[in-house]
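Some notes on the structure that comes next.
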Amino acid sequence: MRFTTEIAPLDLDQTLGCGQTFRWRQQPDGSWLGPLEDCLIGLRQNGARLLIEARPSGSERSAKRLVRTHLRAEDDVVKVQRVLARDPVLAAGIPRVTGLRIVKIDSWECLCSFTLATYANIPRISKMIETLAQRFGHNIVEGVSAFPSLSELSRATVNELSDCGLGYRARYIHDLCRSVDSRKLRRMESLEYDDLRSELMDLPGVGDKVADCVALFGFGKLESFPIDVWIERALARLFRQRGSYRKLRKFATDRWGPYAGYAQEYLYYNERARASTGACLFTE
DNA sequence: GCCCAGGAGTGTG
DNA sequence: CACACTCATGGG
């Protein structure tokens, strides 16, 4: 079953390919394939129109909602960009990333994904997540499995997790499964950013950066500003800001307030594009 | 082979 | 609070 939905502005390649998600794969024909909950979704962009294919058959009804939630279709990114464009450093580059959207990831999957993302490169992170899905998740269609639920992943021993190539992160995931339950996750959905952040940081393997990533992508807190090595470089080069996580986070919060998450996304995209192609959107 | 990765935890000054 | 050190491993 194929159908369409309208999300604008949207640049699917930028949004799904920039490294904020780990399970979307671009196909040789340019379309994107990835699992959302119990659907395998195929996406192709035609201007403002998004072509959706969903499997297995019978899942089409929920697929459109899944896609719109994942791509945060209701975000008023035009307003976000109008506000952020007042920033003299961001202003010049924003017209080139208008279709780059923050994604919304399932909170449990997001918590695990960014806990795994410590001290590993993106191809490896993707592989760790893929292996966990195949070994402990449930099958969606042939060859594709959903990310394991909390109860599914709780059955894994540390050794089994190590065998998935997690390294020292096996212990983090194992302990995470025993520090969280579905009731706690549901309650965290209702917390404001500050309380959510401190609760996340109480979890094993979750520090400043992971907590902010999970708050942003897993719980949709757009004021969150995760600072990784790329953002550190961007802040140093473009804004002459260096120092502790706390200090840099305060700089971002004071400067971009409720839209810090989108500012982070633009800076992250730019910094990585700069490293790989030399292209640079923002001026110092 | 070498380098480093969307860091976190722990111990020390 | 700031820094140093370790963690376990694979992708580029």
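Just so it is clear, the values below take in all heavy atoms, side chains as well, and ignore hydrogens, waters and symmetry mates. Chain letters run A, B, ... following the sequence lines, proteins first and then strands; every chain starts at 1.
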Please list, by residue number, the residues of residues 192-214 of chain A whose heavy atoms come closer than 4.0 Å to an atom of DNA chain B; answer none if no residue qualifies.
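Heavy-atom contacts with DNA chain B come from A:Leu203, A:Pro204, A:Gly205, A:Val206, A:Gly207, A:Asp208, A:Lys209, A:Val210.
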
From the options C:dC1, B:dG6, B:dG7, select the nucleotide whose nearest atom is closest to the side chain of A:Arg246.
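Out of C:dC1, B:dG6, B:dG7, the nucleotide with an atom closest to A:Arg246's side chain is C:dC1.
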
What's the closest nucleotide to the A:Val229 side chain, out of B:dG6, C:dA2, B:dG7?
B:dG7

If you restrict it to nitrogen or oxygen atoms, what contacts under 3.5 Å exist between nucleotides 3-8 of chain C and the protein, and what is each distance?
{"unit_1": "C:dA8", "atom_1": "O4'", "unit_2": "A:Tyr168", "atom_2": "N", "d": "3.1"}

Could you list the donor-acceptor pairs under 3.5 angstrom formed between side-chain atoms of residues 8-16 of chain A and any protein atom two or more places apart in sequence or on another chain?
{"unit_1": "A:Asp11", "atom_1": "OD1", "unit_2": "A:Asp13", "atom_2": "N", "d": "3.1"}
{"unit_1": "A:Asp11", "atom_1": "OD1", "unit_2": "A:Gln14", "atom_2": "N", "d": "3.0"}
{"unit_1": "A:Asp13", "atom_1": "OD1", "unit_2": "A:Gln26", "atom_2": "NE2", "d": "3.3"}
{"unit_1": "A:Asp13", "atom_1": "OD1", "unit_2": "A:Trp32", "atom_2": "NE1", "d": "2.8"}
{"unit_1": "A:Gln14", "atom_1": "NE2", "unit_2": "A:Arg96", "atom_2": "O", "d": "3.3"}
{"unit_1": "A:Gln14", "atom_1": "NE2", "unit_2": "A:Tyr269", "atom_2": "OH", "d": "3.4"}
{"unit_1": "A:Thr15", "atom_1": "OG1", "unit_2": "A:Asp11", "atom_2": "O", "d": "2.9"}
{"unit_1": "A:Thr15", "atom_1": "OG1", "unit_2": "A:Gly99", "atom_2": "O", "d": "3.1"}
{"unit_1": "A:Thr15", "atom_1": "OG1", "unit_2": "A:Arg101", "atom_2": "N", "d": "3.1"}

With a cut-off of less than 4.0 Å, is there a side-chain N or O of A:Arg233 near OP1 or OP2 of B:dA5?
yes

Ignoring backbone atoms, test whether A:Lys127 places a side-chain nitrogen or oxygen under 4.0 Å from the OP1 or OP2 oxygen of C:dG11.
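So the side-chain polar atoms of A:Lys127 do come within 4.0 Å of the phosphate oxygens OP1 or OP2 of C:dG11, strictly under.
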
In whole Å, what separates the P atom of B:dG6 from that of C:dC5?
24 Å

For nucleotides B:dG11 and C:dA8, find the distance between their P atoms and express it as a whole number of Å.
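Approximately 15 Å lies between the P atom of B:dG11 and that of C:dA8.
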
Taking the six-membered ring for Trp, are A:Phe217 and A:Phe114 parallel (under 30°), tilted (30 to 60°) or perpendicular (over 60°)?
parallel

Indicate, with a heavy-atom threshold strictly under 4.0 Å, whether A:Thr115 touches base, sugar-phosphate, or nothing.
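Contact class for A:Thr115: none.
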
Under 5.5 Å between ring centres and under 30° between planes: true for A:Phe114 and the base of B:dG6?
no

Contacts of A:Glu6 that satisfy side-chain hydrogen bond (donor to acceptor under 3.5 Å, both in side chains) - sequence neighbours left out
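Once residues adjacent in sequence are excluded, the partners of A:Glu6 under the side-chain hydrogen bond (donor to acceptor under 3.5 Å, both in side chains) criterion are A:Arg49.
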
Partners meeting side-chain hydrogen bond (donor to acceptor under 3.5 Å, both in side chains) with A:Gln81 (sequence neighbours left out):
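For A:Gln81, the residues satisfying side-chain hydrogen bond (donor to acceptor under 3.5 Å, both in side chains) (neighbours in sequence not counted) are A:Tyr266.
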
Please write out which residues are connected to [X] in a hydrophobic cluster, directly or through intermediates, given that two of Ile, Leu, Val, Met, Phe, Trp, Tyr count as joined at side-chain heavy-atom separations below 4.5 angstrom.
| X | answer |
| --- | --- |
| A:Tyr168 | A:Tyr119, A:Tyr172 |
| A:Leu51 | none |
| A:Ile140 | A:Leu33, A:Leu40, A:Val141, A:Val144 |

Would you mind checking if A:Arg44 and A:Glu53 are paired as a salt bridge, meaning a charged N to carboxylate O distance below 4.0 Å?
no

Value in whole Å for how far the C1' atom of B:dG7 lies from CD1 of A:Ile122:
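That distance rounds to 14 Å.
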
Nucleotide C:dT9, atom C1' - distance to CG of A:Asn159 in whole Å:
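Between C1' of C:dT9 and CG of A:Asn159: 16 Å.
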
Given that A:Ser162 and A:Pro123 both sit by DNA chain C, which one's nearest nucleotide is further toward the 5' end?
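Its nearest nucleotide lies further toward 5', so the answer is A:Ser162.
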
Only pairs at least two apart or in different chains count here, so list each salt bridge (charged side-chain N to carboxylate O under 4.0 Å, His left out) that has a residue in residues 148-164 of chain A.
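Sorted pair list comes back empty.
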
Got a list of protein N/O to nucleotides 10-13 of chain B N/O distances below 3.5 Å?
none

Results of salt bridge (Lys or Arg N to Asp or Glu O under 4.0 Å) for A:Glu232 - residues two or more places apart only
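Listed in chain order: nothing, the list is empty.
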
Looking at residues at least two apart in the chain, or sitting in another chain, which of them share a salt bridge (Lys or Arg N to Asp or Glu O under 4.0 Å) with A:Glu130?
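Partners of A:Glu130 by the salt bridge (Lys or Arg N to Asp or Glu O under 4.0 Å) criterion, ordered by chain and then number, come out as A:Arg23, A:Arg25.
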
